[in-house]
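A short worksheet on the structure shown next.
Numbered from 1 within each chain, the chains take letters A, B, ... in sequence-line order.
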Amino acid sequence: MRLRSEIILFFLLISVIPLSIVAYISYDHSREAISDSVMATLLGATENTGNAIDNWMGARKNDIRVVSQSKVVVCIDKKQLHEYFGSFQNEYRGVYREFFILDLNGSIIFSTLDRKGNAGSEQYFKEAANGKLFVSDPYLSESSSSSEMIIANPVKNNGTITGILAARVSLENLYRIIENIDIGKSGEVFIVNKDGNIVFNKNRSMILLLNIDNNYAVKEVTYEKNGIGEYVNYKGEKVLGSYYWLPLYRWGLIVEEKIDEAYSGVLTLGQLMVTVSILAVICVVFLALVISRRLTEPIKSLENGALGLVKGDFKPIPVSSTNEIGRLTEIFNQTATELLFMRKKLEDRIELANIDLEEKNRELTQANDELKKLDEMKSEFISLVSHELKTPLSTIKVSAEYLESDDKADPVERKEILRIIIRNIDRQTRMINEILDLSKMQAGKMEFQIENVDIGETVKVVLENIGRLALKKNIAISLDIPESLPDVLADKEKLIIVLNNLAGNALKFTPDGGRIVISAKDLGDSVEVRMKDTGIGIEKEKLEKIFDKFYQVDGTSRRKIGGCGLGLSIASGIIRAHGSEIQVESEPGSGSIFSFRLKKA
Amino acid sequence: MNSDSIDYRILELIKKDSNISNNEISKIIGVPENEIAARIRNFSDTRPKILIVDDEMDSLLPLKRSLERENYKVVEAYNGQEGLRKAAAEIPDIILLDLMMPGMDGYEVCNRLKKETALKNTQIIMLTAKDEVGDKVRGLDLGADDYVTKPFNLSELKARIKTALRRTRNL
């Protein structure tokens with residue numbers, strides 16, 4: 001999980017859980033309190049209503065008791081009775097509909113409405129005749145079809161019941177009083193009789209016409225119980241109701257309030273709580289977002305910076321605060337800068353080392369190539385040398401075998417074969433000497449005996465060596481050596497080898513009928529010896545190589561005169577040992593000039 | 001033998017008239033009488049014919065003498081070109097071929113000889129101082145029948161020549 005999500009979750013946990021608990025507890029408490037207060041209101045309303053009914057009924061009973069004891073009634077003075085009841089009715093306008101007096105047989109002997117008749121079978125008559133004040137159950141009057149009841153009381157004269165006073169009392173007055181009692185805006189008051197018929201309700205049309213004994217409160221109250229409870233009323237609404245039995249009148253008093261409305265306060269409170277909680281959660285989340293952003297943003301920057309550093313694309317991270325993270329960022333920036341600097345230095349070094357390595361590698365490759373070439377040349381040389389050594393050997397062997405097997409050979413032929421043997425032995429010896437000279441020179445073991453040498457004399461020795469071959473090839477050798485040429489410092493034997501080799505080469509590469517000129521010249525402190533031929537010449541690119549060991553310009557040309565391609569190498573080595581160099585100038589087709597200088601004696 | 005070669009024409013004339021004289025043949029063909037005599041001597045010579053191709057004159061002579069004494073007819077050539085020419089003219093039984101020669105070397109000569117249908121019965125023995133295996137394989141690949149390295153024993157060479165001849169003539 002990412003840091004930011006963790007922080008937000010953490011804030012949510014530490015804020016939402018306690019908040020929810022507190023909200024729930026306070027909601028619960030408030031709900032109870034509200035419920036209590038709603039019930040108290042209901043009970044209060046019930047009590048008030050009950051009191052109002054008691055008061056009113058008490059007043060009515062008192063009225064009848066007082067009236068029944070008044071002289072006018074006792075004496076039954078009809079004229080006075082009208083007057084008396086008239087003022088009474090005026091005083092309680094609308095309450096008393098009729099006063100009437102019955103004799104002991106139940107016949108109406110007086111009525112304020114001048115009504116006649118007998119009520120001997122009525123319960124109120126019987127009860128009153130027994131000497132008790134009696135209040136009848138309410139009923140609907142025939143004339144106005146509004147509810148009324150009869151209150152009857154015996155009329156006594158000196159302790160003897162002489163008649164019955166009864167009054168038809170309209171309940172309208174009581175209803176108005178009840179209606180004026182505050183029972184809350186959704187409260188409803190029912191009064192039911194013992195059978196569950198409605199005696200009072202603000203909906204007058206139901207009075208005494210509707211039986212509602214099917215609901216809980218009515219059942220309870222008609223069992224003469226008191227209490228409070230939640231139930232479904234006759235209309236099918238869920239209500240909270242308080243019920244109270246009034247035994248004096250055999251009435252059940254019920255005050256109901258719809259549950260929704262009763263607890264509307266609770267609901268509002270709950271909504272408020274939820275709203276507040278949601279707001280609080282939003283605040284917490286917002287706060288958590290802000291804080292986590294402030295916390296994680298620099299960390300994220302650090303992370304990006306570190307990633308950039310790894311990928312080699314580092315940019316300094318802006319420091320936005322002075323707290324620990326800000327400090328960490330600063331340190332990171334410094335470290336990264338140093339690291340990059342060191343890396344740059346290392347890279348530079350590596351690059352330098354690489355360049356160096358490449359250079360060395362190139363050198364090595366070149367050296368290797370040269371070595372390989374040298375090796376190839378060496379192999380070729382060895383192959384050549386072995387061939388060259390074996391060829392005369394083979395000739396010698398065949399010749400010797402022939403002579404050995406032939407006892408009666410022709411003496412001329414014998415001589416010829418023997419000459420072949422000697423010639424090939426000489427050739428072999430020359431070749432072996434050449435090879436030995438070269439290997440000595442290579443090992444630096446060639447010994448030089450420097451003395452004063454006369455060039456002219458030396459050249460003559462060489463001429464003797466090559467004269468025969470020159471003659472055979474019809475090549476003219478001319479000398480251009482002054483008589484007065486001073487001696488030079490050199491090893492004579494070696495110098496002869498040099499001149500022999502150079503002259504041999506000149507003969508080798510000069511076609512029949514060509515010319516060779518050997519000349520010497522005094523240059524002041526040294527003497528220059530030149531050998532010029534009219535041979536095939538050497539191409540420019542081959543000029544550098546001709547002094548290399550084993551190198552031959554053309555492998556097959558060699559056969560005309562023999563030799564292993566070591567001549568020039570040996571000559572060059574000898575002259576170098578004299579502190580000089582053999583120079584060569586050549587033009588293909590027109591001949592070559594080899595020259596070297598030797599110090600004067 | 002070529003139908004228009006001098007030898008063939010000489011042979012045709014002798015077949016027609018066995019008593020014809022050298023002088024008469026010389027007149028008909030237009031070649032000197034002594035050459036006609038030499039040619040007749042030559043193709044009446046039934047000795048096995050060996051062609052030696054080697055640029056080393058010194059080694060050629062004693063070898064030639066030795067082989068002649070063994071009753072072989074020996075023809076010599078001093079370079080590759082000459083060797084090819086003489087092989088075509090003489091149709092030898094055996095060619096002793098040196099490998100290291102200036103100009104055309106022995107390998108090239110061998111290659112060309114093998115393309116001549118007239119020489120299909122000729123045995124080629126390579127004769128050289130080169131004794132590396134690669135050189136021998138190369139020579140044998142090119143169609144050489146045998147390979148002898150210098151310096152060799154004369155008796156060994158003679159034995160090899162006899163073996164080669166046995167292959168061609170069933171001697």
Side-chain angles (χ1 to χ4, degrees), chain A residues 379-428 431 472 508-509 511 536 552-565, chain B residues 50 52-72 74 76 78-81 96 98-109 125-136 138-139 147-161:
Chain A
S379 305
E380 203 185 332
F381 168 72
I382 288 167
S383 155
L384 262 173
V385 164
S386 67
H387 182 267
E388 290 307 312
L389 287 176
K390 279 177 190 170
T391 304
L393 203 62
S394 175
T395 306
I396 292 164
K397 185 170 166 133
V398 174
S399 305
E401 275 181 329
Y402 171 67
L403 286 182
E404 191 258 336
S405 64
D406 189 13
D407 300 329
K408 46 186 191 315
D410 169 19
V412 180
E413 200 181 272
R414 266 177 99 88
K415 207 160 193 177
E416 194 187 356
I417 300 291
L418 281 171
R419 259 206 301 278
I420 288 175
I421 293 175
I422 293 163
R423 201 160 49 232
N424 277 280
I425 290 173
D426 287 347
R427 183 175 158 193
Q428 189 106 356
M431 208 126 53
K472 198 175 163 194
K508 197 194 293 181
F509 296 110
I536 53 173
Q552 288 201 318
V553 177
D554 180 359
T556 53
S557 318
R558 161 194 56 81
R559 295 305 299 268
K560 287 185 179 169
I561 198 171
C564 306
Chain B
I50 297 176
I52 307 177
V53 187
D54 197 339
D55 62 326
E56 291 284 339
M57 283 183 206
D58 282 358
S59 72
L60 218 149
L61 184 69
L63 185 58
K64 183 183 173 184
R65 293 270 181 275
S66 302
L67 293 175
E68 277 172 349
R69 216 162 53 199
E70 295 290 319
N71 204 24
Y72 292 114
V74 178
E76 63 227 78
Y78 297 102
N79 58 50
Q81 306 283 5
L96 296 178
D98 183 38
L99 280 181
M100 291 284 280
M101 289 184 293
M104 192 186 292
D105 69 7
Y107 294 118
E108 181 61 25
V109 175
I125 298 176
M126 282 183 168
L127 208 58
T128 179
K130 283 192 161 191
D131 60 351
E132 280 159 48
V133 177
D135 296 322
K136 287 185 190 176
R138 191 179 161 202
Y147 195 106
V148 177
T149 51
K150 289 180 185 176
F152 49 81
N153 274 322
L154 207 47
S155 47
E156 187 194 338
L157 182 68
K158 284 174 191 166
R160 282 178 187 268
I161 287 170

Do you know the tightest heavy-atom contact between A/K390 and B/P151?
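Scanning both residues completely, I find the closest heavy atoms to be CG-CD, 4.1 Å.
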
Distance-minimising heavy-atom pair for A/S394 and B/F152:
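Heavy atoms only, the tightest pair is OG-CE2, 3.9 Å.
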
Please check if atom CD in B/E156 has more than 12 non-hydrogen atoms from other residues, nucleotides or ligands closer than 6.0 Å.
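For B/E156, atom CD is crowded (more than 12 foreign heavy atoms under 6.0 Å).
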
A/S405 OG to B/R65 CZ distance, which is reported to the nearest 0.5 Å
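CZ of B/R65 is found 13.0 Å from OG of A/S405.
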
Nearest 0.5 Å, what's the OG1-NZ distance between A/T391 and B/K150?
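One gets 5.0 Å once the value is rounded to the nearest 0.5 Å.
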
Is B/T128 close to chain A through its backbone or its side chain, or both, or neither, when contacts mean heavy atoms under 4.5 Å?
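When you check distances to chain A, only side chain atoms of B/T128 fall under 4.5 Å.
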
With only heavy atoms counted, which part of B/N153 is less than 4.5 Å from chain A, the side chain, the backbone, both or neither?
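When you check distances to chain A, atoms from both the backbone and side chain of B/N153 fall under 4.5 Å.
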
Is it the backbone or the side chain of A/R419 that comes under 4.5 Å from a heavy atom of chain B, or both, or neither?
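Answer is neither: A/R419 stays 4.5 Å or more from chain B.
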
Are B/K158 and A/E401 close enough for a salt bridge, meaning some N to O gap below 4.0 Å?
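A salt bridge is absent here (no side-chain N lies under 4.0 Å from a carboxylate O).
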
In this structure, which one of B/D58, B/L61, B/L154 forms a side-chain contact (heavy atoms from CB on, under 4.5 Å) with A/V398?
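Checked B/D58, B/L61, B/L154 against A/V398; only one passes side-chain contact (heavy atoms from CB on, under 4.5 Å): B/L154.
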
